[in-house]
2 protein chains.
Amino acid sequence: MVTIYDIAKKVGCSSATVSKALNNYPDVNHKTRNRILSFAKEMGYSPNAQAQALTKKKTWNIGVLFEVEATNKTGLTHYFFAQILESFKAYTEEKGYDLTFLSKKAGNDNVSFLQHVRRRHFDGVIIANFDYENEEILELIHSNVPIVVIDYNYDTVSSILSDNYEGLKLLTQYLIDLNHRDIVYIHGQHSYVTDIRINAFVDTLTENGIAATKEQLLEGLYYDKDVTYQKTLEVLQRANRPTAIIFSDDYVAAWGVRAIGKMGLRIPEDVSVAGFDGLEIAEMITPRITTVRQNTELIGIQAAKRLIDIIETKNHSKIDVHVGVELVKGKSCKKHEG
Amino acid sequence: MVTIYDIAKKVGCSSATVSKALNNYPDVNHKTRNRILSFAKEMGYSPNAQAQALTKKKTWNIGVLFEVEATNKTGLTHYFFAQILESFKAYTEEKGYDLTFLSKKAGNDNVSFLQHVRRRHFDGVIIANFDYENEEILELIHSNVPIVVIDYNYDTVSSILSDNYEGLKLLTQYLIDLNHRDIVYIHGQHSYVTDIRINAFVDTLTENGIAATKEQLLEGLYYDKDVTYQKTLEVLQRANRPTAIIFSDDYVAAWGVRAIGKMGLRIPEDVSVAGFDGLEIAEMITPRITTVRQNTELIGIQAAKRLIDIIETKNHSKIDVHVGVELVKGKSCKKHEG
DNA sequence: AATATAATCGAAATCGGTTTCGTAAACAAA
DNA sequence: TTTGTTTACGAAACCGATTTCGATTATATT
């Protein structure tokens, strides 16, 4: 590897001058600078990022914590989070930051997430994780590391969230407008976002003069097809079958559709179905599933912007960004005649 | 941040001794070592990865080049490659390596992929990219950086590949056994893998005494729903409609199914359909699509193993790993009566 | 007791950069 | 001509580790 010392030797100057020339310091003669620059190019010089990080206190590296435990869909293959990460990545890369996954191993030893961050000296960390109350996550959250969180809300950390209340309100109102009264919401496991959605669901029913019953809420698991399949069968076998089912997300909705078919029921003639997230899958299934699209691209960009802002201004203050959602009508809901 | 110098001061020894204690050198007294270790823990010491990388010539960092250009599904959201990356990530992390995406920006300046690698001093690089003949990729390939490539074959670089020949042979033979003679293969853009698959398709037809015609091969684009949709309509409007269509992958097959439905044709009664890759989508679609499952988990693991082996043994010799495939029968193919 | 050997430690060089500060030379102002 | 300013450069300290090698002390051997 070519170093600034190699260049200095060739040019006949000191390493300090080479460094200055490469970093556009004003106190380098024009001719000297040009000689240095052309030699650097000719010799194929690349600055050593580790050495630079040591002196400047900046690694141009962002840690990514995208772990989805408690489900069968992990991190990268999680349709929803993968989209967010994709968009986040595009923005941060454009700004010159590299993305590195946060793991619990570093070389030969086991480390906590925070320790990992301290070792690699990430400039910041982006978190999108289901298990938000995990101790190691909390340790990170309470550290002084620049952090942005997606889909959760901590007291002190900036977060990016879709307008989930609006989302479930739109969906519920849409079904009510289609004359549905007996709507079941198979929601995901409890979390900040889930609670908001449940509130929106119940509020909207209430606002429309419909008394919400306990039977209308069923706890499932986000992105878990098996649990959802069971819960769906359970609901369908009830004496008074609901006329509409809202699933926690599009992925499980797609499997719910299968369960409904298994029972010999038609969608939307016998049961109306809705999902959440706005995954492409919702479009691919027959019938196309009505859903609420979360703007994953914007979520990723906003998260990136906020994080880079924290990093570069050192202003850690909590700023939450809310991203709008959109009702996407498929072919899975129909006016209830009854 | 706590450094070894801080610890040395507290303990009353030199930084050299601290370093040795932390690295299990034999020439440190038992009591001294324990004092150092307990102080290190108490003070919350984390070694500085940059400083370590500078002296040891190892970053414990692997560069990831997962870019899928020329399609609408980019990197992370590419169902197939996301699965591979997920598995690759699990294995490499277990071995202590961190994964960092390779980009074309580093801090404030634009760099080539190779320059990026030189800056960050990645221990190795994993490549899974459609545009394998891209100049910057070739520059990387021809460098001395430890590299493993997925889904392509270079003269000098180790690669991991599914047995694509076997895959398309299984599929074609399956359709022939179902009495299909007029089978159209809407394959992906030309590449190492595509050519193998086409050969397998043609060979299998020939082996069964069926003369392959030009009309049976149509060039589409992997993971591009629009192109596929058009090509599918084109095929269906032919005077002599094929009885079976093999799509380049499950994703486009799912959209092909839609096109077929649009034409008022039934699957599998009017047309049999098959995909490739073994994506979950193939199972979610109605009818379930017959496909060839690529073992993404094994591909990821093998790639990780090979790369780490190159890194740790410094033996760059080209070793190719072939991963078996499996025919997965759905409900999209039916015996042709005619 | 004298010598050989083992155990323990630290000074110093090194990795590849950045940045401060002092200085010499060149130029301008008095 | 003397003084004051720029301009251009480099020595040296520093970032946070690792590692070699020499020195000192303690222990074992004869």
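Chain naming here is simple, since letters A, B, ... match the order of the sequence lines and numbering starts at 1 in each. All values below come from the heavy atoms of this structure, side chains included, with hydrogens, waters and symmetry mates left out.
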Touch check for B:Lys57, heavy atoms < 4.0 angstrom, all strands: base, sugar-phosphate only, or nothing?
-> sugar-phosphate
Considering only heavy side-chain atoms of A:Leu54, the closest of D:dC9, C:dT18, D:dG16 is D:dG16
Among D:dT19, D:dA17, C:dG17, which is the nearest nucleotide to the side chain of B:Tyr25?
-> D:dT19
Test: A:Lys9 and A:Asp6 ion pair at under 4.0 Å | no
Value in whole Å for how far the P atom of C:dT8 lies from CG of B:Asn34 = 12 Å
A:Leu22 atom CG is separated from D:dC9 atom P, nearest whole Å, by 14 Å
Taking 4.0 angstrom as the limit, do B:Asp109 and B:Arg119 come out as a salt bridge?
-> yes
How many Å lie between NZ on B:Lys9 and C1' on D:dG16, as a whole number?
-> 14 Å
Taking only N and O in the side chain of A:Gln50, is any of them less than 4.0 Å away from OP1 or OP2 of C:dG17?
-> no
Measure across A:His121 and B:Asn48 and return the closest heavy-atom pair with its distance rounded to 0.1 Å.
-> NE2-ND2, 3.5 Å
Assign A:Asp27 to base, sugar-phosphate, or nothing according to its heavy-atom contacts below 4.0 angstrom with the strands shown.
-> base
Expressed in angstrom and rounded to an integer, what is the separation of B:Arg33 atom CZ from C:dT8 atom P?
-> 9 Å
D:dC9 phosphate, OP1 or OP2, under 4.0 Å from A:Thr32 side-chain N/O = yes
Report the nucleotide, chosen from D:dG10, D:dT18, D:dT20, that has the shortest atom-to-atom distance to any side-chain atom of B:Lys20.
-> D:dT20
Checking all strands, does B:Val2 fall into the base, sugar-phosphate, or nothing category for heavy-atom contacts under 4.0 angstrom?
-> sugar-phosphate
Of all the nucleotides listed (D:dA8, C:dA12, D:dA11), which has the minimum atom distance to the side chain of A:Asn29?
-> D:dA8
Rounded to the nearest angstrom, tell me the gap between atom CD in A:Gln52 and atom P in D:dG16.
-> 16 Å
Just call it for B:Thr3: base, sugar-phosphate, or nothing, with non-hydrogen atoms closer than 4.0 Å on any strand.
-> sugar-phosphate
Using a cut-off of less than 4.0 Å, is there contact between a side-chain N or O of A:Thr17 and OP1 or OP2 of D:dG10?
-> yes
Provide, to the nearest angstrom, the distance between the NZ atom belonging to B:Lys56 and the C1' atom belonging to D:dG16.
-> 13 Å
Inspect the contact between B:Glu136 and B:Lys104 and indicate whether a charged nitrogen and a carboxylate oxygen are less than 4.0 angstrom apart.
-> yes
Please state how far atom CG in B:Asn23 lies from atom P in C:dT8, giving the value in whole angstrom units.
-> 17 Å
Contact class for B:Tyr5 vs. all strands (heavy atom < 4.0 Å): base, sugar-phosphate, or nothing?
-> base
Would you kindly give the CG-to-P distance between A:Asn48 and C:dC15, to the nearest whole Å?
-> 12 Å
The residue, A:Ala51 or A:Ala16, whose nearest nucleotide of DNA chain C is more 5′ is A:Ala51
side-chain N/O A:Thr55 vs D:dC14 OP1/OP2, d < 4.0 Å | no
Short side-chain donor-acceptor distance under 3.5 Å, B:Thr194 and B:Tyr222 | yes
B:Phe130 and B:Tyr132 aromatic centres sub-6.0 Å = no
